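Naming: A, B, ... by sequence-line order, numbering from 1 per chain. All figures in this text were calculated on a predicted structure; none of them were measured in a lab.
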2 protein chains.
Amino acid sequence: MLKRVLDEARHASRLRETSPEADTRERILEAGSDLFQRRGFNGFSYKHIAVLLGLRHAAIHYHFRNKSDLGLALLQRYRRIFLEWAEELESRVDDEWDRLQAYFGLYVDYQRSGSLICPSGVVSNDFDSLPEAMQEEARQLLRDRWNWLTRTLDNGRSAGKLNFPGRAAERALVIGAAMQGALQIDRVTSNNRMEQIIAQLELEMRRDVSDIDNGRSS
Amino acid sequence: MLKRVLDEARHASRLRETSPEADTRERILEAGSDLFQRRGFNGFSYKHIAVLLGLRHAAIHYHFRNKSDLGLALLQRYRRIFLEWAEELESRVDDEWDRLQAYFGLYVDYQRSGSLICPSGVVSNDFDSLPEAMQEEARQLLRDRWNWLTRTLDNGRSAGKLNFPGRAAERALVIGAAMQGALQIDRVTSNNRMEQIIAQLELEMRRDVSDIDNGRSS
DNA sequence: GTCTATAGATCGATAGAC
DNA sequence: GTCTATCGATCTATAGAC
């Protein structure tokens, strides 16, 4: 069982590309991140990380006293990476349609990294068994994504770049839920279902741009 | 930790309503089903079930030699229940819109039973760590749902009961993924996000029916 | 069918040497 | 910072009494 996990994890090329000079704390977070999205918070141990990094599990405890600390650091890291991604994207890309494309791209990347589940999906699934400190951070993680999607959809419709019926906040919920589920479904059917889902979501938001005037009056 | 799990599980009123006469095998499956959707396949043990049923864990092994057998039986049971649900529904309800409402109702029931995750969501998340026999059954579980949704959407659009752009099979993927994600998101935000998602999905499928009828001129 | 008792593995975590 | 060694808890599973 352990061997199987490690075989899977080694497929994540990101790990191999980690420079040997990177300090141990960061390497732990990278390995932990991969295991977290592959097996869930309760599905990996200090030993899994230790083997991947060529250390003993006691060494991990030096950097993260207990697993709750490690999990919290992982969630904070996910939040930071997402917010930095959004900031960089918005400084570079103006069109909300293109921004949404970039958002979908995040999920395609997860899929291509060996059918990883998105961080929101992991915390949603394991929520009841997470330490309380992680639960609060998990709520914020989902809120960050929701806020970004809502804002992007709202601005995009106002600018005529995309369209959808109803309120942006609720369409954002549907898109977030669908992408989260898509990544999970894709790992079972392994038939590029996620790209079909992305294509369908795009189709739904593009087709009504032409009747933006008469579509919303009912 | 164990205590916390059991406190949570006892909230599932279905368990309390189980008649004492029900044979042990079926009671194991009922308790296992609740734990499965609450904690994932790796998140519960024979001991959890045993405590809930007032037995010793060795007794569970008499009915299910190992956990893989138990898990397989759970998945087969989920598939049977869904297919029976669909058959009963279709013998009673003709309108595809109403059938879709009933489908959404399944998820509302899960949510009200203490934010359970749907079976498809659990197997998707735990897929990599499932025994091989369970993986094949998991694929079928998702396929059953997808087939049913595709058929219902296709027939419903042909009959003018609902509308959506693109192909039924792909819209079915979006709806399945969105409902699966909705249940997960709901358990984190605990703010009835799922009902908002259902309302949005309904809005998206209803709004264009009038466009077709009115030739988009109103 | 259910029990007691036990096996071996793995888990998260700590103490103390180097 | 990383190591060896060890702890107590929990896990899946089996043997054998009743």
Side-chain angles (χ1 to χ4, degrees), chain A residues 1-9 18 20-32 35-36 38-74 126 128-134, chain B residues 1-9 18 20-32 35-36 38-74 126 128-134:
Chain A
M1 179 64 88
L2 176 59
K3 183 179 182 308
R4 190 176 168 195
V5 174
L6 300 181
D7 285 347
E8 289 164 6
T18 300
E21 307 84 37
D23 66 7
T24 303
R25 188 187 155 89
E26 183 58 24
R27 293 178 67 221
I28 291 172
L29 288 174
E30 285 172 14
L35 287 162
F36 184 74
R38 204 175 291 281
R39 311 258 312 170
F41 183 63
N42 300 308
F44 72 93
S45 68
Y46 275 46
K47 181 164 186 180
H48 289 113
I49 298 176
V51 172
L52 282 172
L53 267 49
L55 295 172
R56 298 300 175 135
H57 74 277
I60 318 290
H61 279 281
Y62 171 80
H63 297 277
F64 300 94
R65 170 162 290 274
N66 56 45
K67 203 178 173 186
S68 176
D69 287 347
L70 171 58
L72 185 61
L74 280 175
D126 297 345
D128 287 356
S129 60
L130 293 183
E132 240 159 89
M134 287 185 69
Chain B
M1 179 63 87
L2 176 59
K3 183 179 181 309
R4 190 176 170 195
V5 175
L6 300 181
D7 285 347
E8 289 164 7
T18 301
E21 307 83 38
D23 67 6
T24 303
R25 188 187 154 88
E26 183 58 25
R27 293 178 66 220
I28 292 171
L29 288 174
E30 286 172 14
L35 288 162
F36 184 74
R38 203 175 293 282
R39 310 259 313 169
F41 184 63
N42 300 307
F44 73 92
S45 67
Y46 275 46
K47 181 164 185 180
H48 290 111
I49 299 176
V51 172
L52 282 172
L53 267 48
L55 296 172
R56 298 301 175 135
H57 69 96
I60 318 290
H61 279 281
Y62 171 81
H63 296 276
F64 300 95
R65 171 161 288 273
N66 56 45
K67 204 179 174 187
S68 176
D69 287 347
L70 171 58
L72 186 60
L74 281 175
D126 297 345
D128 287 356
S129 60
L130 293 183
E132 240 159 89
M134 287 184 69

Using the 3.5 Å cut-off, write out each protein N or O paired with an N or O of nucleotides 2-5 of chain D and the distance between them.
from: D:dT2; atom 1: OP1; to: A:Thr24; atom 2: OG1; distance (Å): 3.0
from: D:dT2; atom 1: OP2; to: A:His63; atom 2: NE2; distance (Å): 2.7
from: D:dC3; atom 1: OP2; to: A:Arg56; atom 2: N; distance (Å): 2.7
from: D:dT4; atom 1: OP2; to: A:Arg56; atom 2: NE; distance (Å): 3.2

Check whether any side-chain N or O of A:Ser45 sits under 4.0 Å from OP1 or OP2 of C:dT10, and answer yes or no. no

Whole angstroms only, please: what is the [atom1]-[atom2] distance between [X] and [N]?
X	N	atom1	atom2	result
A:Arg39	C:dT10	CZ	C1'	12 Å
A:Lys47	C:dA13	NZ	C1'	15 Å
B:Ile60	D:dT12	CD1	P	11 Å
A:Ile49	C:dT10	CD1	C1'	15 Å

Looking at A:Ser45, is its backbone amide N or carbonyl O close enough to the side chain of A:His48 to form a donor-acceptor pair, meaning the two atoms are under 3.5 Å apart?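 At least one qualifying donor-acceptor pair exists.
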
Donor-acceptor contact present, side-chain B:Tyr46 to main-chain B:Arg56, <3.5 Å: no

Which residues satisfy the side chain to side chain donor-acceptor pair (under 3.5 Å) test with A:Asn42, sequence neighbours excluded?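 Residues passing side chain to side chain donor-acceptor pair (under 3.5 Å) with A:Asn42: A:Ser129.
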
If the condition is side chain to side chain contact (heavy atoms under 4.5 Å, CB included), which residues does A:Ala50 pass it with, not counting sequence neighbours? A:His57, A:Ile60

Testing the basics here: between [X] and [Y], what is the closest heavy-atom pair and its distance to 0.1 Å?
X	Y	answer
A:Phe64	A:Ala73	CE2-CB, 3.7 Å
B:Leu72	B:Ala133	CD1-O, 3.6 Å
B:Ala31	B:Leu53	CB-CD1, 3.7 Å

Return the set of residues passing ring-ring contact (aromatic ring centres under 6.0 Å, His included) with A:His63 (not counting sequence neighbours), or none when no residue passes. none

Check: protein-nucleotides 16-18 of chain C nitrogen or oxygen pairs below 3.5 Å:
none

Sorted by number, the residues of residues 64-74 of chain B with heavy-atom contact under 4.0 Å to DNA chain C: none

